[in-house]
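Per chain, numbering begins at 1; letters A, B, ... match sequence-line order. For clarity, every value in this text was computed on a predicted model and none was experimentally measured.
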Amino acid sequence: MSELPKIYNSKEVEDRWYAFWQEKNLFHGKPDPAKAPFCIVIPPPNVTGILHMGHALNNTIQDILVRYHRMKGQEALWMPGTDHAGIATQNVVEKSIAKENLKRQDMGREKFIERVWSWKEEYGQTIIRQLKKLGSSCDWERLRFTMDQDYSSAVKEVFVSLYEKGLIYQGNYIINWCPRCQTALSDEEAPHQQLQGNLFFLKYPLKESPTDFVVVATTRPETMLGDTAVAVNPKDKRYKKLIGKKLIVPLVNREIEIIGDEMVDAKFGTGAVKVTPAHDPNDYAMGKKHNLQFITIMFPDGRLNENAAAYKNMDRFKAREAIIKDMKDQGLLEKIQPHELSAGHCYRCHTLIEPYLSKQWFVKMGPLAKPAIEAVKKGKIKFHPKRWTKVYLNWMENIQDWCISRQIWWGHRIPVYYCKTCAEKPHPAAGVIVSRKQPTHCPGCGSSDIYQDEDVLDTWFSSWLWPFATFYWPFDSLPEGKRQQAKQELDYFYPTSVLVTAPEIIFFWVARMIMSGLEFMKDIPFKDVYIHGTVRDSEGKKMSKSLGNIIDPLEIINEYGTDALRFSLISITAQGQDVYLSKERFEQGRNFANKIWNASRFIMMNLDTAYIKEDLCAHVKKNELDIVNRWILSRLYSVIREANKNLDSFKFNEAANLLYGFFWHDFCDWYLELIKTDIKDPHNQLIMYKVLEKFLRVIHPFMPFITEEIWHRLHPATESIMIQPWPHLQTNLIDKKIEEKMSAVFVAVTAIRNLRAELEIPLTSILNFKVFTSLVEQKLFQSLATHIETISKNKLIGTASQAEYIHSPGQFDLVLNGAHIVIPLSGVLDTQKHKNKIDTEIQKTLSEIKAKENLLSNENFVKRAPQDIVEKEKIKLSELNEKLKKQKEVSDGLQ
RNA sequence: GGGCUCAUAGCUCAGUUGGUUAGAGCGUUGCGUUGACAUCGCAAAGGUCUGAGGUUCAAGUCCUCAUGGGCCCACCA
């Protein structure tokens with residue numbers, strides 16, 4: 001058998017095996033009626049994306065799930081793809097053309113879009129390449145892009161279909177406007193951030209008596225130029241009599257009325273509110289209600305427009321300063337108060353959002369939300385951890401209509417066309433053609449003078465179709481011959497199994513996919529939603545470029561290996577908790593990979609190849625094996641059973657840590673050490689091989705590369721480990737009694753080592769020790785005694801503890817967990833030190849006994865606690881007493 | 001304003017449905033290793049489980065409040 005290098009070299013193996021998997025087409029999933037489907041659709045990263053720790057975590061979890069279910073015999077499909085990320089991508093390309101001193105407006109729409117496509121061709125594969133470095137077993141021949149032609153037909157179908165159902169409408173409303181990106185945004189795209197601002201108190205003169213004023217408070221004084229009323233609460237005694245009176249808006253000298261409205265909070269500010277219906281959602285509502293004038297004072301780029309009089313062309317913030325100065329000069333600024341507020345910011349460029357009145361397209365969400373609420377309430381879709389259910393429901397139950405039109409160029413063009421001829425007719429929908437196919441003429445008047453809506457759709461309006469649009473729904477873009485197959489695939493894999501994602505996009509994406517799935521597939525898009533935590537730095541801050549606290553996954557892969565990255569990430573990811581990372585954290589994964597490597601190396605160095613034939617295992621009967629082999633087999637299957645449970649309930653960290661502990665401690669520290677001196681024994685050969693082989697399979701989903709490499713060195717001619725069956729749970733090999741016996745042995749050995757270390761016994765030998773009593777189970781320990789004797793004869797303890805033997809007359813007594821171990825040691829020990837140690841232990845035992853006695857003399861405990869608990873406590877007490885007795889004997893003997 | 005979440009060893013974190021003197025990794029200290037692995041082994045030290053109440057025979061675990069982190073939502077002029 002070939003000898004392995006001393007240290008695992010991830011760089012040397014990873015790319016090779018990834019290519020191998022792809023060559024063998026092992027990631028491909030296709031309908032197989034004999035198997036149950038398991039499908040995950042990837043949260044498509046932005047084409048502009050560069051792999052960060054969040055991606056690494058997200059995709060490692062998905063890959064573990066997919067590999068696990070694939071090995072369990074399910075037909076596994078992981079659907080990959082990227083998102084065209086409208087605004088983000090457009091911004092990136094705009095930056096790149098800016099280097100050539102170009103603006104997209106100079107290029108024109110068509111040229112610019114061409115430029116984006118060529119950018120995508122050149123750089124759009126970056127994130128995909130990086131996902132491959134991570135080991136992701138995606139079905140790459142299905143790679144989708146949300147701007148694919150086929151995908152576009154799904155988007156059109158959905159838009160038109162919702163329009164026909166009356167769920168899409170166009171209208172003038174206040175929306176979130178980003179003056180930098182110059183587009184409308186949905187509410188979700190304009191998250192609120194705390195802001196230290198000011199409250200400005202402005203004096204508006206009364207028309208009748210210009211020396212009297214009404215003072216209004218505002219955080220955005222520049223909007224005063226668009227004021228068309230001042231509102232007060234009709235119950236407010238201070239202002240009641242002023243309702244109906246006229247005011248003059250300074251600087252623009254506009255005459256406005258004081259209106260009464262219950263919405264006004266008399267306690268805030270001065271109790272009088274300036275009303276700017278075109279620049280504030282509340283004011284908008286008031287404007288509608290009171291039939292006010294809507295005056296827009298801003299250009300789309302944030303400069304003030306012709307309605308702003310002298311302030312025209314000034315930037316909104318410059319205008320604010322100018323207005324404040326002018327008001328002050330005119331004695332119309334009462335005061336400025338510092339005021340903390342929160343306001344929307346563009347999620348792409350972080351520019352302060354401007355509430356802006358404009359004509360946009362909206363989706364009516366109420367009717368779509370209803371079944372999506374039901375599906376979750378009835379448990380058809382489950383969130384893990386559960387608490388996100390509440391977050392989801394809360395949002396869904398208060399859902400607002402969704403603004404879906406964007407004034408950018410990169411995206412799905414809205415499938416709406418206008419007829420210039422008909423547009424002159426009176427009713428509002430005249431000349432509006434909503435169509436799946438590009439029309440050549442107006443169906444109303446036959447005119448060919450038509451043009452398409454300039455806007456594109458929100459990126460999420462395509463992402464929300466991901467679980468079925470990736471299967472080519474609605475199929476009409478496919479050639480006739482391929483439709484049937486596509487339908488079968490959708491039918492087979494939909495609903496998908498699990499969605500794995502981060503909490504940030506529950507509203508953006510998860511909730512909307514549930515709605516679109518129920519609306520268009522008439523079924524949920526996935527059964528389980530696993531929400532993992534956010535990756536943070538060691539101080540709890542979110543990792544971000546601007547904070548400079550990024551740990552680059554590629555750097556970790558380069559330094560420690562992909563498996564190390566994956567294992568470390570997973571082992572620290574408790575269900576749904578945020579992940580705090582520092583670079584050192586990855587050492588654990590690297591060390592573990594190296595441990596697996598070296599244990600395998602050791603086994604291969606000592607393994608006679610005759611034993612690697614699987615069928616040999618069948619010839620060994622369980623009861624022919626010695627206790628050590630039976631123990632490790634029992635541990636193996638106990639651990640696999642537990643790991644199955646953990647994986648099935650999304651407890652990835654628990655599974656990872658369990659497997660880690662088993663391999664490192666049970667298998668390497670104890671088992672391999674115990675059999676070392678007898679390693680050529682046929683049973684030992686067989687079992688060490690078998691355990692390694694099974695372990696490699698179960699750790700494979702976590703650490704795909706190293707396991708594949710070792711697998712092939714073990715089996716020069718076999719197939720990939722990734723398509724080996726997941727170990728069948730041999731429950732008949734699980735023997736808890738054996739596990740208990742062995743752990744008693746380990747406790748004993750540990751105690752001896754401890755003693756040796758503490759009492760500074762010189763490195764000689766420990767000879768002929770015996771274990772001969774049991775208080776818990778006499779029989780159990782009797783049989784243990786036999787085994788211990790065997791072990792002792794084989795000098796196995798000596799090997800395990802790496803100690804030499806103490807040759808000396810006399811004896812040493814050790815009492816542990818009811819086992820009395822006699823070790824002949826007298827003459828080597830420092831009697832006084834020994835006695836001190838025993839006496840310390842006696843003190844400890846005494847206080848434990850006291851605690852137990854107190855507990856058992858508590859009538860309430862004895863009466864009310866379950867009988868088995870009480871019994872257990874009684875047994876423990878008698879054990880303790882027995883232990884005390886032995887300890888005292890030992891102590892007395894040391895006088 | 002509403003809600004979520006966290007607080008356990010020097011550090012980073014586990015801790016199942018409450019069951020009885022709390023675990024891991026890293027770090028520290030001591031010992032060891034010429035035969036798998038110094039990316040190693042053996043052992044030790046280190047905890048009033050943030051605080052105050054409560055429920056219970058029994059609380060790190062459940063409830064209430066407080067303190068201090070982190071996060072989300074909201075039409076906070």
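- Going from the C1' atom of B/U5 to that of B/U50 covers 16 Å, rounded to whole Å.
- As a whole-Å value, the separation of A/E673 CD from B/G35 P is 13 Å.
- Between A/F663 and A/Y671, the ring center distance fails the sub-6.0 Å criterion.
- Rounded to whole angstrom, the span from the CD1 atom of A/I706 across to the P atom of B/C37 amounts to 15 Å.
- With B/G25, B/U39, B/C76 as the candidates, the nucleotide lying closest to the side chain of A/F268 is B/C76.
- For A/L659 and B/A14, the CG to P distance is 18 Å, given to the nearest whole Å.
- For A/F695 and A/F667, the distance between ring centers is not under 6.0 angstrom.
- Closest to the side chain of A/H339, out of B/C40, B/C76, B/A36, is B/C76.
- A straight line from CD of A/Q193 to P of B/A74 spans 13 Å, rounded to a whole angstrom.
- When ring centroids are compared, A/H384 and A/Y530 stay outside the 6.0 Å threshold.
- Exactly one of A/F586, A/F705, A/F592 qualifies for a ring pair (Phe, Tyr, Trp, His ring centres under 6.0 Å) with A/F567. That residue is A/F592.
- Comparing the C1' positions of B/U8 and B/A77 gives a spacing of 47 Å, expressed to the nearest Å.
- Stem list for RNA chain B (at least 3 consecutive Watson-Crick or G-U pairs, distances under 3.5 Å): B:1-7 with B:67-73, B:10-13 with B:23-26, B:28-32 with B:40-44, B:50-54 with B:62-66.
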What does the list of N/O pairs under 3.5 Å between the protein and nucleotides 15-20 of chain B look like, with a distance for each?
residue : atom : partner : partner atom : Å
B/U20   : O2'  : A/K852  : NZ           : 3.0

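- Across all strands, A/D265 comes closer than 4.0 Å to base atoms (heavy-atom distances).
- No engagement by A/V870 is indicated, since no non-hydrogen atom pair under 4.0 Å with the nucleic acid exists.
- Within the 4.0 angstrom heavy-atom criterion, only backbone atoms of the sugar-phosphate kind lie near A/H665; the bases stay farther away.
- When each of A/R590 and A/P281 is assigned the nucleotide of RNA chain B with its nearest heavy atom, A/R590 is the one assigned upstream, toward the 5' end.
- Side chain of A/T218, nearest nucleotide from B/A77, B/C73, B/C40: B/A77.
- Between A/W177 and A/Y356, the ring-plane angle classifies as tilted under the 30° and 60° cut-offs.
- Across all strands, A/R585 comes closer than 4.0 Å to base atoms (heavy-atom distances).
- Across B/G47 and B/A7, the matching C1' atoms stand 14 Å from one another, rounded to whole Å.
- Looking at which nucleotide of RNA chain B each of A/V862 and A/L341 is closest to, the 5′-most match is held by A/V862.
- Evaluation of the side-chain contact (heavy atoms from CB on, under 4.5 Å) rule for A/L846 yields A/I842, A/Q843, A/L884 as partners, not counting sequence neighbours.
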Sub-3.5 Å pairs of nitrogen or oxygen atoms, protein against nucleotides 3-11 of chain B:
residue : atom : partner : partner atom : Å
B/C4    : OP1  : A/K390  : NZ           : 3.2

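- With rounding to the nearest 0.5 angstrom, the NZ atom of A/K852 is 5.0 Å from the NZ atom of A/K876.
- Ring centroid separation for the pair A/Y8 and A/W597 comes in under the 6.0 Å cut-off.
- With sequence neighbours excluded, the residues satisfying side-chain contact (heavy atoms from CB on, under 4.5 Å) with A/H339 are A/L199, A/T219, A/F268, A/L341.
- Among the atoms of the strands shown, none is found under 4.0 Å from any heavy atom of A/T270.
- Rounded to an integer number of Å, the gap from CD1 of A/I570 to C1' of B/C13 is 15 Å.
- Rounded to the nearest Å, the gap between the P atom of B/A22 and that of B/U16 is 16 Å.
- At the heavy-atom level, A/F592 lies nowhere under 4.0 Å from the strands shown.
- Residues satisfying the side-chain contact (heavy atoms from CB on, under 4.5 Å) test with A/Y173, not counting sequence neighbours, are A/Y169, A/Y284, A/F362.
- Nucleotides B/U39 and B/C49 place their C1' atoms 33 Å apart, quoted to the nearest Å.
- Electrostatic pairing of A/R220 and A/D280 counts as a salt bridge here, judged by a charged N lying under 4.0 Å from a carboxylate O.
- If you take CG on A/L333 and CE on A/M327, they are separated by 7.0 Å, rounding to the nearest 0.5 Å.
- Distances shorter than 4.0 Å separate some side-chain N or O of A/N591 from OP1 or OP2 on B/C40.
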Quiz item: Do A/L393 and A/K390 pass the side chain to side chain contact (heavy atoms under 4.5 Å, CB included) test, and can you show the C-alpha distance, the side-chain angles, and the key distance before you say yes or no?
Solution: CA-CA 5 Å; A/L393 288 174; A/K390 223 173 131 181; 5.9 Å; no
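- Between B/G27 and B/U64, the two P atoms lie 41 Å apart (nearest whole Å).
- Counting to the nearest Å, the C1' atom of B/G25 and the CZ atom of A/F662 are 20 Å from each other.
- Nucleotides B/A9 and B/G60, compared at atom C1', are 14 Å apart to the nearest Å.
- Using modelled atom types and a 3.5 Å distance limit, the side chains of A/T845 and A/E848 yield no donor-acceptor pair.
- In this structure, A/Y660 places its OH atom 12 Å from C1' of B/C40, rounding to the nearest Å.
- Counting non-hydrogen atoms under 4.0 angstrom, A/K274 reaches nothing in the nucleic acid.
- Closest approach to the A/V273 side chain among B/A36, B/A77, B/U39 is made by B/A77 (side chain taken as heavy atoms from C-beta onward).
- Backbone-only engagement by A/K6 is indicated by non-hydrogen atom pairs under 4.0 Å involving sugar-phosphate atoms exclusively.
- Atom-to-atom, CE of A/M604 to C1' of B/G35 comes out at 17 Å; the value is rounded to the nearest Å.
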Quiz item: Passes side chain to side chain contact (heavy atoms under 4.5 Å, CB included), A/M703 versus A/I596? Steps please.
Solution: CA-CA 10 Å; A/M703 309 177 90; A/I596 295 173; 3.9 Å; yes
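- For the P atoms, the distance from B/C63 to B/G19 is 15 Å, rounded to whole Å.
- Nucleic acid contact class of A/I7 (heavy atoms, under 4.0 Å, all strands): base.
- A/A231 comes within 4.0 angstrom of no nucleic acid atom, judged by non-hydrogen atoms across all strands.
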